[in-house]
A.B. asks: 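Input: one structure, supplied below.
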Amino acid sequence: MNDITPVQQPSMKAAVWRGRKDIRVEQVRVPDAPPPGWVKIRVHWCGICGSDLHEYVAGPVFIPVERPHPLTGLKGQCILGHEFSGEIADIGAGVSGLRVGERVTADACQHCGTCYYCKHGLYNICENLAFTGLMNNGAFAEYVNVPAELLYKLPDDFPTEAGALIEPLAVGLHAVKKAGSIVGQTVVVVGAGTIGLCTIMSAKAAGAGRIIALEMSAARKKKALEVGATTVIDPTQGDAIEQVRALTGGYGADVSFECIGHRTTAKLAIDVIRKAGKCVMVGIFEEPSEFNFFELVSTEKEVIGSLAYNGEFADVIRYVADGRIDVQPLITGRIALSDIVSKGFEELVNNKDANVKIIVSPVAA
Ligand SMILES: [Zn+2]
Ligand SMILES: [Zn+2]
(Lines give C-alpha, C1' and ligand atoms only; values in the text may rest on other atoms or scores of the structure.)
(Ligands and ions follow the chains in the order given, each with its own letter.)
Protein backbone atom coordinates (compact mmCIF):
# COMPACT_ATOMS: atom_id res chain seq x y z
CA MET A 1 0.00 0.00 0.00
CA ASN A 2 3.02 2.20 0.34
CA ASP A 3 3.89 1.74 -3.29
CA ILE A 4 3.84 5.24 -4.66
CA THR A 5 4.62 5.15 -8.34
CA PRO A 6 4.85 8.46 -10.14
CA VAL A 7 1.83 9.31 -12.28
CA GLN A 8 2.84 8.84 -15.86
CA GLN A 9 1.54 11.00 -18.64
CA PRO A 10 -0.79 8.69 -20.61
CA SER A 11 0.75 7.98 -23.99
CA MET A 12 -0.57 6.66 -27.28
CA LYS A 13 0.75 5.39 -30.59
CA ALA A 14 0.71 7.90 -33.47
CA ALA A 15 2.22 8.39 -36.94
CA VAL A 16 4.08 11.69 -36.79
CA TRP A 17 5.33 13.56 -39.86
CA ARG A 18 8.75 14.94 -38.95
CA GLY A 19 10.00 15.68 -42.44
CA ARG A 20 10.07 14.44 -46.02
CA LYS A 21 10.41 10.62 -46.06
CA ASP A 22 10.41 10.77 -42.27
CA ILE A 23 7.14 9.56 -40.79
CA ARG A 24 7.62 7.80 -37.46
CA VAL A 25 5.26 5.68 -35.42
CA GLU A 26 5.95 6.92 -31.90
CA GLN A 27 4.55 7.01 -28.39
CA VAL A 28 3.24 10.53 -27.89
CA ARG A 29 1.06 12.29 -25.32
CA VAL A 30 -2.65 11.50 -25.47
CA PRO A 31 -4.45 14.76 -26.38
CA ASP A 32 -5.61 16.74 -23.33
CA ALA A 33 -9.28 16.74 -22.33
CA PRO A 34 -11.15 18.44 -25.18
CA PRO A 35 -11.57 22.21 -24.78
CA PRO A 36 -15.05 23.82 -24.86
CA GLY A 37 -16.80 22.96 -28.13
CA TRP A 38 -14.43 20.09 -28.89
CA VAL A 39 -14.68 16.31 -28.62
CA LYS A 40 -12.08 13.58 -28.18
CA ILE A 41 -12.44 10.63 -30.57
CA ARG A 42 -11.02 7.14 -30.12
CA VAL A 43 -10.03 6.34 -33.69
CA HIS A 44 -11.21 3.09 -35.31
CA TRP A 45 -10.09 3.52 -38.95
CA CYS A 46 -8.29 6.26 -40.85
CA GLY A 47 -7.57 6.19 -44.60
CA ILE A 48 -4.28 7.25 -46.21
CA CYS A 49 -5.00 10.15 -48.56
CA GLY A 50 -3.09 11.30 -51.64
CA SER A 51 -2.23 14.46 -49.69
CA ASP A 52 -0.68 12.37 -46.87
CA LEU A 53 1.41 10.58 -49.51
CA HIS A 54 2.42 13.97 -50.92
CA GLU A 55 3.66 15.05 -47.50
CA TYR A 56 5.63 11.80 -47.22
CA VAL A 57 7.22 11.92 -50.67
CA ALA A 58 7.53 15.66 -51.34
CA GLY A 59 6.53 17.48 -48.13
CA PRO A 60 6.11 19.87 -46.56
CA VAL A 61 3.23 20.74 -48.89
CA PHE A 62 0.41 21.76 -46.52
CA ILE A 63 2.12 21.24 -43.15
CA PRO A 64 3.23 24.64 -41.80
CA VAL A 65 6.97 24.65 -41.09
CA GLU A 66 7.96 28.32 -41.31
CA ARG A 67 5.54 29.83 -38.82
CA PRO A 68 2.78 28.47 -36.57
CA HIS A 69 -0.61 27.98 -38.23
CA PRO A 70 -2.77 31.03 -37.36
CA LEU A 71 -5.72 28.92 -36.18
CA THR A 72 -4.01 25.97 -34.48
CA GLY A 73 -0.46 27.05 -33.70
CA LEU A 74 0.87 23.82 -35.25
CA LYS A 75 4.35 24.05 -36.73
CA GLY A 76 7.06 21.73 -38.01
CA GLN A 77 5.59 18.33 -37.14
CA CYS A 78 2.13 16.86 -37.33
CA ILE A 79 0.21 13.66 -36.64
CA LEU A 80 -1.23 12.95 -40.10
CA GLY A 81 -4.68 11.49 -40.93
CA HIS A 82 -7.99 13.15 -41.78
CA GLU A 83 -10.24 10.43 -43.28
CA PHE A 84 -11.41 8.69 -40.15
CA SER A 85 -14.12 7.13 -38.07
CA GLY A 86 -14.21 6.34 -34.40
CA GLU A 87 -16.18 6.68 -31.20
CA ILE A 88 -16.61 9.60 -28.86
CA ALA A 89 -14.32 9.23 -25.83
CA ASP A 90 -14.72 12.60 -24.10
CA ILE A 91 -16.82 15.72 -24.61
CA GLY A 92 -15.78 19.32 -23.95
CA ALA A 93 -17.93 21.93 -22.22
CA GLY A 94 -20.87 23.42 -24.10
CA VAL A 95 -21.31 20.52 -26.55
CA SER A 96 -24.84 19.19 -26.82
CA GLY A 97 -26.43 16.33 -28.75
CA LEU A 98 -23.46 13.96 -28.54
CA ARG A 99 -22.80 11.09 -26.13
CA VAL A 100 -19.67 9.16 -25.15
CA GLY A 101 -19.51 5.91 -27.15
CA GLU A 102 -21.37 7.19 -30.21
CA ARG A 103 -19.72 6.35 -33.52
CA VAL A 104 -18.86 9.29 -35.75
CA THR A 105 -16.86 10.55 -38.69
CA ALA A 106 -15.53 14.10 -39.07
CA ASP A 107 -15.36 16.85 -41.66
CA ALA A 108 -11.66 17.85 -41.76
CA CYS A 109 -12.11 21.59 -42.45
CA GLN A 110 -11.34 23.26 -39.12
CA HIS A 111 -12.18 26.92 -39.69
CA CYS A 112 -12.15 30.28 -37.93
CA GLY A 113 -15.87 31.14 -38.03
CA THR A 114 -15.12 34.85 -38.27
CA CYS A 115 -13.76 35.54 -41.79
CA TYR A 116 -15.92 36.66 -44.75
CA TYR A 117 -16.13 33.10 -46.12
CA CYS A 118 -17.06 31.45 -42.82
CA LYS A 119 -19.77 34.07 -42.32
CA HIS A 120 -21.16 33.26 -45.77
CA GLY A 121 -21.26 29.51 -45.21
CA LEU A 122 -18.16 28.86 -47.33
CA TYR A 123 -16.12 27.40 -44.49
CA ASN A 124 -14.17 25.12 -46.85
CA ILE A 125 -12.41 28.19 -48.27
CA CYS A 126 -11.92 29.88 -44.86
CA GLU A 127 -9.05 32.38 -44.76
CA ASN A 128 -7.59 30.45 -41.81
CA LEU A 129 -8.49 26.93 -42.90
CA ALA A 130 -6.73 24.28 -40.80
CA PHE A 131 -7.15 20.86 -42.29
CA THR A 132 -7.18 18.11 -39.65
CA GLY A 133 -4.08 15.92 -39.98
CA LEU A 134 -2.12 18.53 -41.95
CA MET A 135 -2.51 21.80 -40.06
CA ASN A 136 -3.63 20.28 -36.76
CA ASN A 137 -2.91 16.85 -35.31
CA GLY A 138 -4.90 14.12 -37.03
CA ALA A 139 -6.17 10.58 -36.71
CA PHE A 140 -3.25 8.24 -37.43
CA ALA A 141 -3.31 7.89 -33.66
CA GLU A 142 -5.33 6.25 -30.94
CA TYR A 143 -7.06 9.54 -30.07
CA VAL A 144 -7.71 12.85 -31.79
CA ASN A 145 -9.46 16.05 -30.65
CA VAL A 146 -11.75 17.76 -33.17
CA PRO A 147 -14.39 20.53 -33.07
CA ALA A 148 -17.82 19.04 -32.27
CA GLU A 149 -19.46 21.03 -35.08
CA LEU A 150 -17.51 18.94 -37.61
CA LEU A 151 -18.83 15.57 -36.40
CA TYR A 152 -21.41 13.38 -38.15
CA LYS A 153 -22.98 10.40 -36.38
CA LEU A 154 -22.88 7.03 -38.15
CA PRO A 155 -26.19 5.12 -38.29
CA ASP A 156 -26.46 2.02 -36.06
CA ASP A 157 -25.61 -0.74 -38.53
CA PHE A 158 -23.15 1.39 -40.51
CA PRO A 159 -19.73 -0.35 -40.73
CA THR A 160 -17.12 1.73 -38.90
CA GLU A 161 -14.57 1.10 -41.67
CA ALA A 162 -16.98 2.66 -44.19
CA GLY A 163 -16.95 5.72 -41.95
CA ALA A 164 -13.34 6.33 -43.03
CA LEU A 165 -14.43 6.64 -46.68
CA ILE A 166 -17.01 9.39 -46.14
CA GLU A 167 -14.42 12.19 -46.41
CA PRO A 168 -13.06 11.36 -49.91
CA LEU A 169 -16.60 10.61 -51.10
CA ALA A 170 -17.67 14.05 -49.86
CA VAL A 171 -14.92 15.56 -52.05
CA GLY A 172 -16.47 13.76 -55.06
CA LEU A 173 -20.03 14.77 -54.17
CA HIS A 174 -19.04 18.41 -53.63
CA ALA A 175 -17.44 18.49 -57.10
CA VAL A 176 -20.61 16.98 -58.58
CA LYS A 177 -22.78 19.56 -56.80
CA LYS A 178 -20.59 22.36 -58.20
CA ALA A 179 -21.72 21.27 -61.69
CA GLY A 180 -25.40 21.82 -60.83
CA SER A 181 -27.97 19.19 -61.89
CA ILE A 182 -26.37 16.44 -63.95
CA VAL A 183 -29.49 14.27 -64.18
CA GLY A 184 -29.38 12.37 -67.48
CA GLN A 185 -26.23 14.15 -68.62
CA THR A 186 -23.05 12.77 -70.14
CA VAL A 187 -20.20 13.18 -67.69
CA VAL A 188 -16.47 12.72 -68.27
CA VAL A 189 -14.25 11.99 -65.28
CA VAL A 190 -10.57 12.54 -66.05
CA GLY A 191 -8.53 10.16 -63.89
CA ALA A 192 -9.79 7.17 -61.88
CA GLY A 193 -7.66 7.49 -58.74
CA THR A 194 -9.43 7.75 -55.37
CA ILE A 195 -11.02 11.14 -56.05
CA GLY A 196 -11.90 10.18 -59.64
CA LEU A 197 -13.59 6.99 -58.42
CA CYS A 198 -15.41 8.91 -55.66
CA THR A 199 -16.57 11.41 -58.29
CA ILE A 200 -17.81 8.61 -60.55
CA MET A 201 -19.77 7.12 -57.63
CA SER A 202 -21.22 10.52 -56.69
CA ALA A 203 -22.12 11.34 -60.31
CA LYS A 204 -23.94 8.02 -60.57
CA ALA A 205 -25.77 8.63 -57.28
CA ALA A 206 -26.72 12.11 -58.55
CA GLY A 207 -28.37 10.64 -61.66
CA ALA A 208 -25.81 11.13 -64.44
CA GLY A 209 -26.98 9.54 -67.70
CA ARG A 210 -23.63 8.29 -68.88
CA ILE A 211 -20.23 8.37 -67.16
CA ILE A 212 -17.09 8.19 -69.29
CA ALA A 213 -13.81 7.70 -67.42
CA LEU A 214 -10.50 8.73 -68.98
CA GLU A 215 -7.79 6.51 -67.51
CA MET A 216 -4.71 4.64 -68.68
CA SER A 217 -3.88 2.21 -65.85
CA ALA A 218 -5.42 -1.25 -66.37
CA ALA A 219 -6.25 -1.71 -62.67
CA ARG A 220 -7.96 1.68 -62.45
CA LYS A 221 -9.91 1.15 -65.68
CA LYS A 222 -11.39 -1.97 -64.09
CA LYS A 223 -12.21 -0.11 -60.87
CA ALA A 224 -13.86 2.72 -62.81
CA LEU A 225 -16.25 0.25 -64.48
CA GLU A 226 -16.83 -1.50 -61.14
CA VAL A 227 -17.96 1.69 -59.40
CA GLY A 228 -20.27 2.99 -62.13
CA ALA A 229 -18.45 4.29 -65.22
CA THR A 230 -20.35 3.23 -68.36
CA THR A 231 -17.34 3.61 -70.70
CA VAL A 232 -13.60 3.86 -70.18
CA ILE A 233 -11.39 5.62 -72.70
CA ASP A 234 -7.60 5.28 -72.62
CA PRO A 235 -6.18 8.67 -73.66
CA THR A 236 -2.95 6.96 -74.77
CA GLN A 237 -4.92 4.89 -77.32
CA GLY A 238 -6.12 7.33 -79.96
CA ASP A 239 -7.66 10.78 -79.58
CA ALA A 240 -9.76 10.89 -76.38
CA ILE A 241 -11.59 14.07 -77.46
CA GLU A 242 -12.64 12.50 -80.77
CA GLN A 243 -13.79 9.38 -78.95
CA VAL A 244 -15.93 11.42 -76.51
CA ARG A 245 -17.40 13.39 -79.42
CA ALA A 246 -18.20 10.16 -81.26
CA LEU A 247 -20.22 9.06 -78.22
CA THR A 248 -22.08 12.39 -77.94
CA GLY A 249 -23.35 13.12 -81.43
CA GLY A 250 -20.23 15.12 -82.25
CA TYR A 251 -20.73 17.72 -79.49
CA GLY A 252 -18.72 16.62 -76.46
CA ALA A 253 -19.74 15.87 -72.88
CA ASP A 254 -22.11 18.07 -70.86
CA VAL A 255 -19.83 18.11 -67.82
CA SER A 256 -16.29 17.04 -66.99
CA PHE A 257 -14.34 16.61 -63.75
CA GLU A 258 -10.56 16.95 -63.71
CA CYS A 259 -9.38 14.61 -60.93
CA ILE A 260 -5.65 14.32 -61.65
CA GLY A 261 -4.13 17.80 -61.34
CA HIS A 262 -1.69 17.58 -64.25
CA ARG A 263 -0.98 20.49 -66.58
CA THR A 264 -1.97 18.46 -69.68
CA THR A 265 -5.16 16.94 -68.27
CA ALA A 266 -6.56 20.36 -67.28
CA LYS A 267 -6.87 21.37 -70.92
CA LEU A 268 -8.11 17.93 -71.87
CA ALA A 269 -10.93 18.25 -69.33
CA ILE A 270 -12.01 21.53 -70.94
CA ASP A 271 -11.63 20.19 -74.49
CA VAL A 272 -13.90 17.16 -73.91
CA ILE A 273 -16.99 19.23 -73.03
CA ARG A 274 -19.47 20.76 -75.48
CA LYS A 275 -20.03 24.49 -75.88
CA ALA A 276 -21.64 25.97 -72.76
CA GLY A 277 -20.66 22.81 -70.89
CA LYS A 278 -19.11 22.80 -67.42
CA CYS A 279 -15.67 21.65 -66.34
CA VAL A 280 -15.04 21.20 -62.61
CA MET A 281 -11.39 21.21 -61.47
CA VAL A 282 -10.83 18.92 -58.48
CA GLY A 283 -7.19 17.80 -58.92
CA ILE A 284 -4.37 19.44 -56.97
CA PHE A 285 -2.11 21.10 -59.56
CA GLU A 286 1.60 21.49 -58.91
CA GLU A 287 2.40 23.54 -62.01
CA PRO A 288 0.61 25.92 -64.39
CA SER A 289 -1.00 24.85 -67.65
CA GLU A 290 -0.99 26.73 -70.90
CA PHE A 291 -4.46 27.69 -72.09
CA ASN A 292 -5.90 30.26 -74.49
CA PHE A 293 -8.87 31.82 -72.70
CA PHE A 294 -10.43 32.77 -76.02
CA GLU A 295 -11.58 29.15 -76.02
CA LEU A 296 -13.88 30.04 -73.12
CA VAL A 297 -15.02 33.27 -74.78
CA SER A 298 -15.88 31.58 -78.06
CA THR A 299 -17.63 28.56 -76.53
CA GLU A 300 -19.16 29.94 -73.32
CA LYS A 301 -17.74 26.94 -71.47
CA GLU A 302 -17.61 27.31 -67.69
CA VAL A 303 -14.61 26.26 -65.63
CA ILE A 304 -15.32 25.83 -61.90
CA GLY A 305 -12.98 25.15 -58.97
CA SER A 306 -13.93 22.70 -56.21
CA LEU A 307 -12.13 22.39 -52.86
CA ALA A 308 -12.87 19.68 -50.31
CA TYR A 309 -16.57 19.81 -49.32
CA ASN A 310 -19.16 22.02 -47.77
CA GLY A 311 -21.69 20.04 -45.78
CA GLU A 312 -21.82 16.97 -48.07
CA PHE A 313 -21.06 14.48 -45.26
CA ALA A 314 -24.71 13.89 -44.30
CA ASP A 315 -25.70 13.14 -47.92
CA VAL A 316 -22.78 10.75 -48.42
CA ILE A 317 -23.59 8.88 -45.18
CA ARG A 318 -27.17 8.49 -46.42
CA TYR A 319 -26.04 7.27 -49.87
CA VAL A 320 -23.77 4.65 -48.28
CA ALA A 321 -26.44 3.63 -45.75
CA ASP A 322 -29.14 3.14 -48.41
CA GLY A 323 -26.79 1.27 -50.76
CA ARG A 324 -26.58 3.88 -53.51
CA ILE A 325 -22.83 3.95 -52.86
CA ASP A 326 -20.84 0.80 -52.05
CA VAL A 327 -17.49 1.67 -50.45
CA GLN A 328 -16.01 -1.84 -50.65
CA PRO A 329 -14.35 -1.45 -54.11
CA LEU A 330 -12.46 1.56 -52.71
CA ILE A 331 -10.78 -0.34 -49.85
CA THR A 332 -7.67 -2.16 -51.11
CA GLY A 333 -5.87 -2.64 -47.81
CA ARG A 334 -6.44 -2.79 -44.04
CA ILE A 335 -3.31 -2.37 -41.95
CA ALA A 336 -2.19 -1.70 -38.38
CA LEU A 337 -0.89 1.74 -37.42
CA SER A 338 2.51 0.27 -36.55
CA ASP A 339 2.89 -0.82 -40.22
CA ILE A 340 1.81 2.50 -41.74
CA VAL A 341 5.19 3.29 -43.32
CA SER A 342 6.08 -0.11 -44.82
CA LYS A 343 2.59 -1.40 -45.68
CA GLY A 344 0.98 2.01 -46.20
CA PHE A 345 3.14 4.82 -47.57
CA GLU A 346 5.80 2.62 -49.21
CA GLU A 347 3.12 0.30 -50.62
CA LEU A 348 1.39 3.33 -52.20
CA VAL A 349 4.70 4.59 -53.62
CA ASN A 350 5.56 1.20 -55.13
CA ASN A 351 2.11 -0.09 -56.12
CA LYS A 352 0.18 3.07 -56.88
CA ASP A 353 -2.05 1.60 -59.59
CA ALA A 354 -3.05 -1.50 -57.64
CA ASN A 355 -4.25 0.53 -54.65
CA VAL A 356 -7.12 2.88 -54.01
CA LYS A 357 -7.61 3.38 -50.27
CA ILE A 358 -5.53 1.73 -47.58
CA ILE A 359 -7.19 2.13 -44.20
CA VAL A 360 -5.26 2.08 -40.96
CA SER A 361 -6.33 0.91 -37.52
CA PRO A 362 -4.58 2.00 -34.33
CA VAL A 363 -6.34 -0.85 -32.51
CA ALA A 364 -5.39 -3.79 -34.77
CA ALA A 365 -2.32 -5.72 -33.65
ZN1 LIG B 1 -8.14 13.23 -48.12
ZN1 LIG C 1 -12.92 31.53 -41.70
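Nothing fancy with the numbering, it's 1 onward along the sequence. Counting starts at 1 for both ligands and their atoms, in listed order.
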A.B. asks: Compare every heavy atom of Asp32 with every heavy atom of Asn145, then report the nearest pair and how far apart it is.
C.D. replies: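 Reported closest heavy-atom pair: ND2-O, 3.0 Å.
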A.B. asks: What is the number of protein N, O or S atoms that sit under 2.8 Å away from the Zn ion (ligand 2)?
C.D. replies: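 Considering protein N, O and S only, the Zn ion (ligand 2) has 4 within range.
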A.B. asks: Looking at Phe84 and Ala106, what are the two nearest heavy atoms and their distance?
C.D. replies: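 Shortest heavy-atom separation between Phe84 and Ala106 comes out as CZ-CB, 3.6 Å.
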A.B. asks: May I ask you to check whether His82 and Gln110 show a side-chain donor-acceptor distance below 3.5 Å?
C.D. replies: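 There is no such pair between these side chains.
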A.B. asks: Excluding sequence neighbours, so at least two apart, what forms side-chain contact (heavy atoms from CB on, under 4.5 Å) with Tyr117?
C.D. replies: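 Expected list: Cys115, Leu122, Ile125, Glu127.
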A.B. asks: Is any NZ, NE, NH1 or NH2 atom of the basic residue among Glu55 and Lys21 found under 4.0 Å from an Asp or Glu carboxylate oxygen of the other?
C.D. replies: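 Salt bridge absent between Glu55 and Lys21.
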A.B. asks: Would you say the ring centers of His262 and Phe285 fall short of 6.0 Å from each other?
C.D. replies: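 Not close enough - the centres of the two rings lie 6.0 Å or further apart.
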A.B. asks: Would you list the protein N, O or S atoms within less than 2.8 Å of the Zn ion (ligand 1), leaving out water?
C.D. replies: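 Less than 2.8 Å away from the Zn ion (ligand 1) sit Cys49 SG, His82 NE2, Glu83 OE2.
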A.B. asks: Would you say the side-chain atoms of Tyr143 and Asp90 include a donor-acceptor pair closer than 3.5 Å?
C.D. replies: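 Asp90 and Tyr143 do not have a side-chain donor-acceptor pair below 3.5 Å.
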A.B. asks: Given the side-chain rings of Tyr123 and His111, with only the six-membered ring counted for Trp, is the space between their centroids under 6.0 Å?
C.D. replies: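 Yes, the ring centres sit under 6.0 Å apart.
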A.B. asks: Donor-acceptor pairs under 3.5 angstrom involving side-chain atoms of residues 195-206: please list them, not counting sequence neighbours.
C.D. replies:
{"unit_1": "Thr199", "atom_1": "OG1", "unit_2": "Ile195", "atom_2": "O", "d": "2.7"}
{"unit_1": "Ser202", "atom_1": "OG", "unit_2": "Leu173", "atom_2": "N", "d": "3.2"}
{"unit_1": "Ser202", "atom_1": "OG", "unit_2": "Cys198", "atom_2": "O", "d": "2.9"}

